[in-house]
There are 2 protein chains.
Amino acid sequence: MSSRPATKPADAYHHGDLRRALLDAAMGVLEEDPGASLSMRDLARRLGVSHQAPYHYFRDRDALLKALGDAAIGDLLAAQQQAVAAQTDPRERLIALGTAYVDFAATRPRAFELVFDARLCPPDAPSPGRAPLIRANEDLLGRCIADLCATGWRPGADVEATALAMWGTAHGLASLVMGGHIPREAIDGVLRQVV
Amino acid sequence: MSSRPATKPADAYHHGDLRRALLDAAMGVLEEDPGASLSMRDLARRLGVSHQAPYHYFRDRDALLKALGDAAIGDLLAAQQQAVAAQTDPRERLIALGTAYVDFAATRPRAFELVFDARLCPPDAPSPGRAPLIRANEDLLGRCIADLCATGWRPGADVEATALAMWGTAHGLASLVMGGHIPREAIDGVLRQVV
DNA sequence: GGGGCGACTTGACATTGTCAAGACGATAGC
DNA sequence: GCTATCGTCTTGACAATGTCAAGTCGCCCC
């Protein structure tokens, strides 16, 4: 329960980079045990600091969760960019994009939840660091769809509506896989059928 | 905070139907304030009983939540059945089905969450009352798709995969509307484009 | 009319988030 | 070199919560 990771420096009083350590430990806890409720005090215990130390960096529990979500959305974007870059065919690119989205949710379900938790970060008022990442993500999807449309795929389709539909489908499949309602292996076939 | 609804009978000791009252009050709390964490003690206070009374009917907090989810899945199924029954054209039927799904999530977000919360009720081991409802729901979707295929829609499409894709899309749109990421009005157009 | 049992209460405990106030240690100005 | 200051962390308290354990109340049946 009260482990002491190697991040703790020799100086017993001043923790080298407590903020970072808190974020890392928090993400670790959430990912090793989905369903954990992330106690602030437990986190402090793990890092060997007092139960109030975390509050020096995060106003309250939700602030920590929100910061975690900010980091997670960056990871999600990176995973998608990498998947898209590995493909050249527009059709395969779109499929890779969706697969990366679902894989992220399957591999890091709590991170995925954090990204979309409206209670933590209402989408109409995103945190300053989050807004550009959201825009980048939308752009990525929009560009993939536009490229595909340029090849003559489904002529006359509305790019905007198609993007929404694709996002919806990927998001739904991700949620359902995350919840164990459909097996992860089924995804590729479904995505391939959709595009 | 400590209201006393009319369900309390004259008998001060024996509450008429505490189990029902608890479920109703719980759903009421969750729906009047999304984001509430549903305290057992608060619930007991609202019904004017001791803080332990709820535990006579529900082993713990999760058991109550699970029972709430069981009820919610019935409501979701009913809403979809009603929507489908109102349409005759197979195409419109499928759209109505999706719309009902999304509308349920938009109107009763917490109920929707409860239905799909894998921590409360793992889908590979559903509660006895829940299993038939899940099956009925799958059948409803399957029949809608099969009917549509019979009209010559997308010849050669795999019914199974199509059903998964539709479920995924509806679920994703529902989640995104719930989270405020896309406006509810956009749904009809997207659904119509998809089918 | 007494025993049994279902429905509810009282009391206690550990845990949690968070407020308030203090202690420690480096750094800068004199 | 001494001291004031400020960021960093600690100690102590409090109310709320979930939940265990042990009553108490009132009805019903033998």
Side-chain angles (χ1 to χ4, degrees), chain A residues 1-5 7-26 28-30 33 35-69 110 114 117 119-121, chain B residues 1-5 7-26 28-30 33 35-69 110 114 117 119-121:
Chain A
M1 293 298 164
S2 68
S3 62
R4 184 115 60 80
T7 52
K8 182 126 188 235
D11 179 352
Y13 199 83
H14 285 88
H15 193 289
D17 188 357
L18 186 54
R19 197 191 132 92
R20 225 292 128 22
L22 282 167
L23 289 174
D24 289 349
V29 169
L30 288 185
D33 169 25
S37 51
L38 192 65
S39 148
M40 287 283 127
R41 291 177 102 112
D42 178 54
L43 223 50
R45 242 173 276 134
R46 283 170 193 258
L47 295 178
V49 295
S50 80
H51 68 263
Q52 269 291 342
Y55 287 85
H56 189 69
Y57 296 95
F58 302 100
R59 193 160 25 83
D60 54 21
R61 196 169 160 279
D62 281 357
L64 201 173
L65 260 356
K66 190 170 170 177
L68 236 38
R110 296 303 297 264
L114 251 24
D117 193 328
R119 275 166 248 158
L120 251 36
C121 185
Chain B
M1 293 296 164
S2 68
S3 63
R4 183 114 61 80
T7 52
K8 180 125 188 235
D11 181 352
Y13 198 81
H14 286 88
H15 193 289
D17 188 355
L18 186 53
R19 198 191 131 91
R20 223 296 128 21
L22 282 166
L23 288 174
D24 288 350
V29 169
L30 288 186
D33 169 25
S37 51
L38 192 63
S39 148
M40 287 282 127
R41 291 179 102 113
D42 178 54
L43 224 51
R45 241 173 277 134
R46 282 170 194 258
L47 296 177
V49 295
S50 80
H51 67 265
Q52 270 290 344
Y55 287 85
H56 189 70
Y57 297 97
F58 302 100
R59 194 160 26 81
D60 53 21
R61 198 168 158 278
D62 281 356
L64 202 172
L65 260 356
K66 189 169 171 177
L68 236 39
R110 297 304 297 265
L114 251 24
D117 192 328
R119 276 165 257 173
L120 251 37
C121 184

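All chains are named by letter (A, B, ...) in the order of the sequence lines, taking the proteins before the strands, and each is independently numbered beginning at 1.
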Roughly how far apart are [X] [atom1] and [Y] [atom2], rounded to 0.5 Å?
X     : Y      : atom1 : atom2 : result
A:M40 : A:D42  : CE    : CG    : 10.0 Å
A:R41 : A:S50  : CZ    : OG    : 9.5 Å
B:L65 : B:C121 : CG    : SG    : 11.5 Å

Which whole-number value in Å describes the distance from [X] [atom1] to [N] [atom2]?
X     : N      : atom1 : atom2 : value
A:L43 : C:dT18 : CG    : P     : 13 Å
A:F58 : C:dT18 : CZ    : P     : 13 Å
B:R61 : C:dT16 : CZ    : C1'   : 13 Å
A:L18 : D:dG7  : CG    : P     : 16 Å
A:R59 : C:dC19 : CZ    : C1'   : 14 Å
A:D62 : C:dT16 : CG    : P     : 17 Å
B:D17 : C:dA7  : CG    : P     : 10 Å
B:Y55 : D:dA22 : OH    : P     : 18 Å

Can you see if the side chain of [X] gets near the phosphate of [N] - specifically, an N or O under 4.0 Å from OP1 or OP2?
X     : N      : answer
A:Y57 : D:dC9  : yes
A:S39 : C:dT15 : no
B:R45 : D:dT17 : yes
B:S37 : D:dT17 : no
A:H56 : D:dT8  : yes

Could you tell me whether A:L38 contacts a base, only the sugar-phosphate backbone, or nothing, with contacts defined as non-hydrogen atoms closer than 4.0 Å? sugar-phosphate
B:D62/B:K66 salt bridge by N-O under 4.0 Å criterion: no
For the helix from C:dG1-D:dC30 to C:dC30-D:dG1, figure out the bend between the end axes, five pairs an end, and round to 10 degrees. 10°
Could you tell me whether the side chain of B:R110 and the main chain of B:V29 form a donor-acceptor pair under 3.5 Å? no
Spell out, as yes or no, whether a donor-acceptor pair under 3.5 Å connects the side chain of B:R61 to the backbone of B:L38. yes
Show the nearest heavy-atom pair for residues A:L18 and A:A53, with the distance to one decimal. CD2-CB, 3.9 Å
Under 3.5 Å between N/O atoms: give me all the protein pairs with nucleotides 11-13 of chain D, atom names plus distance.
residue : atom : partner : partner atom : Å
D:dG12  : O6   : A:H51   : NE2          : 3.0

When you look at CZ of A:R119, are more than 12 heavy atoms from neighbouring residues, nucleotides or ligands closer to it than 6.0 Å? yes
Any B:F58 side-chain heavy atom under 4.5 Å of B:L23 side chain: yes
